[in-house]
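Chain letters run A, B, ... following the sequence lines, proteins first, then strands; residues in each count from 1. These numbers come from a predicted model, not from an experiment.
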Number of protein chains: 4
Amino acid sequence: MRVQRADMRVCSMARPSDTSELEALLDSGEVNAEDVVALVGKTEGTGLHDDSGRELADLKLREAFASRLGIHRDDVPERVSLVLSGGCYGVISPHVTVVTRAWVEVAKAQLPGEPRLVIGRAFSGPILAEEIGRMGQIRTVAEAVRAALGDAGLDDSADVHCVMVKGPSLSPRSIREAEARGQSVVTRDLSVGVSGAMCYANDGAALGVALALGEVPEAALRDDVVRRDWSLYSAVATTSAGGENQHAEVLVLGNRAPSLSELRVGHGVIRDPIDTGGVKDALRSAGLAFDCCPSPADQARIVQVFAKLIVPGTDQLRGRRITLRDDLTAYASAKAVGGALVASVTGDPRVMVSGGEQNSHQGPPDGSPVAAVVRVG
Amino acid sequence: MRVQRADMRVCSMARPSDTSELEALLDSGEVNAEDVVALVGKTEGTGLHDDSGRELADLKLREAFASRLGIHRDDVPERVSLVLSGGCYGVISPHVTVVTRAWVEVAKAQLPGEPRLVIGRAFSGPILAEEIGRMGQIRTVAEAVRAALGDAGLDDSADVHCVMVKGPSLSPRSIREAEARGQSVVTRDLSVGVSGAMCYANDGAALGVALALGEVPEAALRDDVVRRDWSLYSAVATTSAGGENQHAEVLVLGNRAPSLSELRVGHGVIRDPIDTGGVKDALRSAGLAFDCCPSPADQARIVQVFAKLIVPGTDQLRGRRITLRDDLTAYASAKAVGGALVASVTGDPRVMVSGGEQNSHQGPPDGSPVAAVVRVG
Amino acid sequence: MRVQRADMRVCSMARPSDTSELEALLDSGEVNAEDVVALVGKTEGTGLHDDSGRELADLKLREAFASRLGIHRDDVPERVSLVLSGGCYGVISPHVTVVTRAWVEVAKAQLPGEPRLVIGRAFSGPILAEEIGRMGQIRTVAEAVRAALGDAGLDDSADVHCVMVKGPSLSPRSIREAEARGQSVVTRDLSVGVSGAMCYANDGAALGVALALGEVPEAALRDDVVRRDWSLYSAVATTSAGGENQHAEVLVLGNRAPSLSELRVGHGVIRDPIDTGGVKDALRSAGLAFDCCPSPADQARIVQVFAKLIVPGTDQLRGRRITLRDDLTAYASAKAVGGALVASVTGDPRVMVSGGEQNSHQGPPDGSPVAAVVRVG
Amino acid sequence: MRVQRADMRVCSMARPSDTSELEALLDSGEVNAEDVVALVGKTEGTGLHDDSGRELADLKLREAFASRLGIHRDDVPERVSLVLSGGCYGVISPHVTVVTRAWVEVAKAQLPGEPRLVIGRAFSGPILAEEIGRMGQIRTVAEAVRAALGDAGLDDSADVHCVMVKGPSLSPRSIREAEARGQSVVTRDLSVGVSGAMCYANDGAALGVALALGEVPEAALRDDVVRRDWSLYSAVATTSAGGENQHAEVLVLGNRAPSLSELRVGHGVIRDPIDTGGVKDALRSAGLAFDCCPSPADQARIVQVFAKLIVPGTDQLRGRRITLRDDLTAYASAKAVGGALVASVTGDPRVMVSGGEQNSHQGPPDGSPVAAVVRVG
């Protein structure tokens, strides 16, 4: 029987251009470059749209695989999803999580009975500028999510715990071209602000996930609910967008049997920026049993936590006024808060915490999605 | 028998100039303006040396008391210590903690047998520019700390859990004047950076506390240990400095019997920026009994947490590299991290978390001091 | 014959709370507090919406006049317009320009024949949240501008060189109240960004000026031209907005005869962020004759320059790409650029340069308004 | 006769990784890759020590040459000096200046009689951590400058107008190793602040230039004058430093005859941050004759301006207080001011303006060096 064996390894990076730990892992034979399906990481930098740290890391990571796969560095993204988030404010340690998937032939008797991590990956068709932040993007992303679920062998949405989408945003050029075609775009604001293209692009993708997983019925979706009706959301979507992308790329993490993985994934919801409960829920959902806080032995079994820290659209936190929403540097502070929140539970600063956008269809109103992967095998 | 009754109330501030909640408290009769000995608060702003939010809040708070005490607003600081820290990055909610101390005549039989919160306050003599960051400052601050201990009635250092010192720093003018007197100053760097006057001034004060409390023997102290020998520190000092101050002002929180307070203070040490254990230690030290994490009922008894989040002088956190030390915006990120750390335990964003300086004699190497006040009565 | 005598004096401020130079001027008798109609200044701080430096300076300036006018500090704004702009990035020296207007009885023969500076001032009626950035605001501001022109005795728009408007912006509360009344608002984005309320409020006011001065015909104005049709603009409007204001306040500077002022005002247009030509045009328009650059003797006659530096809505500057438009810190960089541009011509860092908003109806597309006041008497 | 023909071309960059304009220039045959001796550019990014934009541009520029020179990208720096400065705040347009030098055989009669641009290049021997900011570095850099002068054929210091030095700074590792060798370092502050290693490294290099050119006599130099005695300086040095460098690399621009270049270089001194006079002096020194301001025809002959904008060590500018020295974001504001100053004179935003350090031996006290290259042929 042919079965997935998914695994994850976390490598530190001493600079955005440092791939030495990753390369040692590949060269040691512990990880086979052919098996790597995704690199998900945090790079130091501003985390804003023009963050060169992210681009530099992307380039060097592609080179590390190009030489080992015998392909051109520009062709690596077809083989390996590169999901990098800039901005290591506070305690977030720069790193990359190496996600592998091998197919192994195994006798049925040797399979673990319980569901284990499986991974799916898919690309969407092209998404036009005029579709971003609207039904066009939502439907196209949803289709790609369904394809990724199929690729993973996941047929029950309840088994899906993390859906990462990296897709297109608007750019001066794509807006110009759309308008030349006689089309309008959802916003001409290219900032990372609350009315900007990045938020619309991320949120269109999030609703695409919600649609594919049945978290939101298609009938509830229209162009004008995007970034307006916050009751519509996905609890497992974490999305990012860049003006340079033409398609959406989807990476799905779920559990199913049979799977030969030693890992399990789970998810929770960070209800507000000081809610460690959401992080703990994700760990427990992934199969880590602990009472109040994970012990060092428990922490040693945590492979990675993937979280967003969305800036709430309110200035109230548990009845007190905070300034985060109205702070121009919220993009940085939110990551610092999110990183501290997660790492204070896991004990490891190499956490994948992105975010900083204000309000989102990623997670419930004023909340944020969090997924955890735990070694259970 | 004449006994202290110390209390604390926390008031939100809607802007740095908003004292309405505080004024309502005074006008309701719940708090008597005559009993207020200190206002300890967080104001929104940059938290850097030229943070006008702090100055504006200071002025408005003084006005609130001037009218009620029948004195000029410039004379309020003699009666009430104003310890304000700017910078509410992340989840820190702007607020002011109103610290009161009344003397009540009470029969011995009515006294609680166990030690409760007492408060002491003292001013130092003048500290010259050439003394800052050197033995002169250390000795003068130590003397004022001893006076404050006496004012509180505390004679055992083990009963002291929090010593706040607000004192002088260097300024262009004070340096010029010192040099005109033929004196040198410890640094001519007036930045908030690692070699700057603010760090020297804060650390001279911290060593003054350590000396007064016997945490460091006098024989171990010399000019050249300041900001060099990090093994010397106070676990209970939180200090701040401004070029406009001529004297140090000391506020001491400790426990003793007899005291009619319903509160108790305790302290812990935040060993690294993701160590919630230090916050929990402080809460337990103050008398809050809980197993792993405080429950909502436990949290309701927490009156306030006073913490610094010092930026470690290393780029390593639990064996992983972080960028905080080398980040120009560490002053903001450190507060965001510290606020999240404390509030995730207490459940309340109105936490008194300052800090952001790199390395300090406040707390052990790479650690930070934290004190907690809990309602036990 | 009763004639205006308008004057301006510039006072340095050593901190946002420092009014000593202004107070010395009042106490010396050189300036009569009763004659002061406006204080126009730059205060150090972020220049963002929550800049406490501006609020602190505002309070201290009001106090300086309250004691001298024998009124409450809260009543000073009825007598004196306070137009403060935060953010002294780069070379801008914190200062306040004291604008006075006295009425003197004089024989016709003694009057200078040529037009000289006159000043007008007016308040608008209330502007509702739903009117901001729309025709409601535009018409109400236009009416107030006309009243200020009348107050100044200016009846020809060609004589008007500078119209400052300080008016309301949206706030969470005013939006909530408008929506409770069943009204919509132009934007719910409260950021200082390109889609935010501050830009809409500033631009509605600018179009109000343009309407009153006939720079834009009423027929060309509709709700949906605001922040869309950049061909509509005022060359002399500089506007600011705050959520705390209910009315617009207008200060008009123009030239007319008879006037006993020793000053003259003029204006120009800064066509792009490196165009010193606009500054020179303003100086010449005010009556300063010079060939290429003003000499030190010419510079000594310059009283003040009032300019905005609007961030162009393009990334092209003279055919080269610049990053200003897409820079999150453009609000700071634009002021640094504008200050350097103006001060390099005038030789004086005490320049009134505000701005930093992206695109505006203040000045032509990608340009900025600039006015200059010169001593000619 | 074998004679130098030096030239310069400026290429825009659409992103730090965009080398398309440069590559088109090389591929068109207009510039021969073999002739390129230096790439001097501005890249967008923070301009702080961890600016990945600079590293990314460096890598892509090396690749552009590696393929054309048939060498490995890591070997390009031996052939081509890469002097990149991050931070395009305000109006500075990202670009790279391509500096070429060819040797041509020419009959004496065909030579221009007047001095024209010549270029020299040299590497120093290794500079140890303990030598940085001290006499060791000064002497080693001076030796390399002399070698570069020899390489250029310049034997009179008066003909030298610009000396760029890129050299080592301190790093945690180099400090650790130096201390393990029993050596001390000039500072352990690794920030970009006024007491930090970057300033010491830049200033040691500047004094090395001053020593080599005779601007400062050797007898005046001692370890303890560095960053203390500001009367010692070079008017033509612009230096940069990075912890990754082991050697200093020197690029010298001067004029001599015979030279076949169509260009001439000159220099001036920017006396304070609003002094356009220094920029004009540099242009005139390079041979551009104009009265007050260069006309568009004059501007068309300007090839490039190389300037620093040093933050003055005083808060006074022409008798007025400015906040630049004490502003944490001075590194950004100084570049915005410098860029506006230069581009307002040249009319071109593609200016090479770096700086932002506080006080320097680059340029006189409170001033900055500026060099200009003009087409005269």
Of the listed S333(A), A336(A), S93(A), the one with the largest count of heavy-atom pairs under 4.5 Å with chain B is S93(A)
Output yes when a side-chain donor or acceptor of Q299(A) lies under 3.5 Å from a complementary backbone atom of V345(A), and no otherwise.
yes
* Asked: Taking the side chain from T323(B) and the backbone from C88(A), do they hold a donor-acceptor pair closer than 3.5 Å?
  -> yes
**Side-chain ion pair, E357(B) and K335(B), N-O less than 4.0 Å** = no
Main-chain N/O of V96(B) paired to K42(B) side chain as donor or acceptor, under 3.5 Å:
no
* Should the pair D291(A)-K280(A) be classified as a salt bridge under the 4.0 Å nitrogen-to-oxygen rule? -> no
To the nearest 0.5 Å, atom OH of Y233(A) lies from atom CD of Q362(A) at 13.5 Å
Contact list (residues 267-276 of chain B to chain A, heavy-atom gap under 4.5 Å, by number) returns P273(B), I274(B), T276(B)
Pair count under 4.5 Å, heavy atoms only, with chain B: among E44(A), H95(A), M13(A), highest is E44(A)
Note: G266(A) and S285(A) closest approach over all heavy atoms is CA-OG, 3.0 Å
Whatever's closer than 4.5 Å to a heavy atom in chain A on R15(B) counts as backbone
Determine whether a donor-acceptor pair (N or O, by modelled atom type, separation under 3.5 Å) exists between the side chain of R301(A) and the backbone of R375(A).
yes
In D348(B), V279(B), I92(B), the residue satisfying side-chain contact (heavy atoms from CB on, under 4.5 Å) with V342(B) is V279(B)
From the list A334(A), G339(A), A332(A), C293(A), the residue making the most non-hydrogen contacts under 4.5 Å with chain B is C293(A)
Checking heavy-atom separations under 4.5 Å from chain B, one finds in residues 302-321 of chain A L317(A), R318(A), R320(A), R321(A)
- Query: Is a side-chain donor or acceptor of S295(B) paired with a backbone partner of D298(B) at a separation under 3.5 angstrom?
  - Reply: yes
- Query: Is R62(A) salt-bridged to D58(A), going by a charged N under 4.0 Å from an acidic O?
  - Reply: yes
Heaviest contributor of heavy-atom pairs below 4.5 Å to chain B, chosen from S12(A), C292(A), A340(A), is C292(A)
The interface call for A343(B) against chain A, heavy-atom contacts under 4.5 Å, is both
Requested in this report: Mark yes or no for whether R54(A), through its side chain, and L48(A), through its backbone, hold a donor-acceptor pair below 3.5 Å.
Outcome: yes
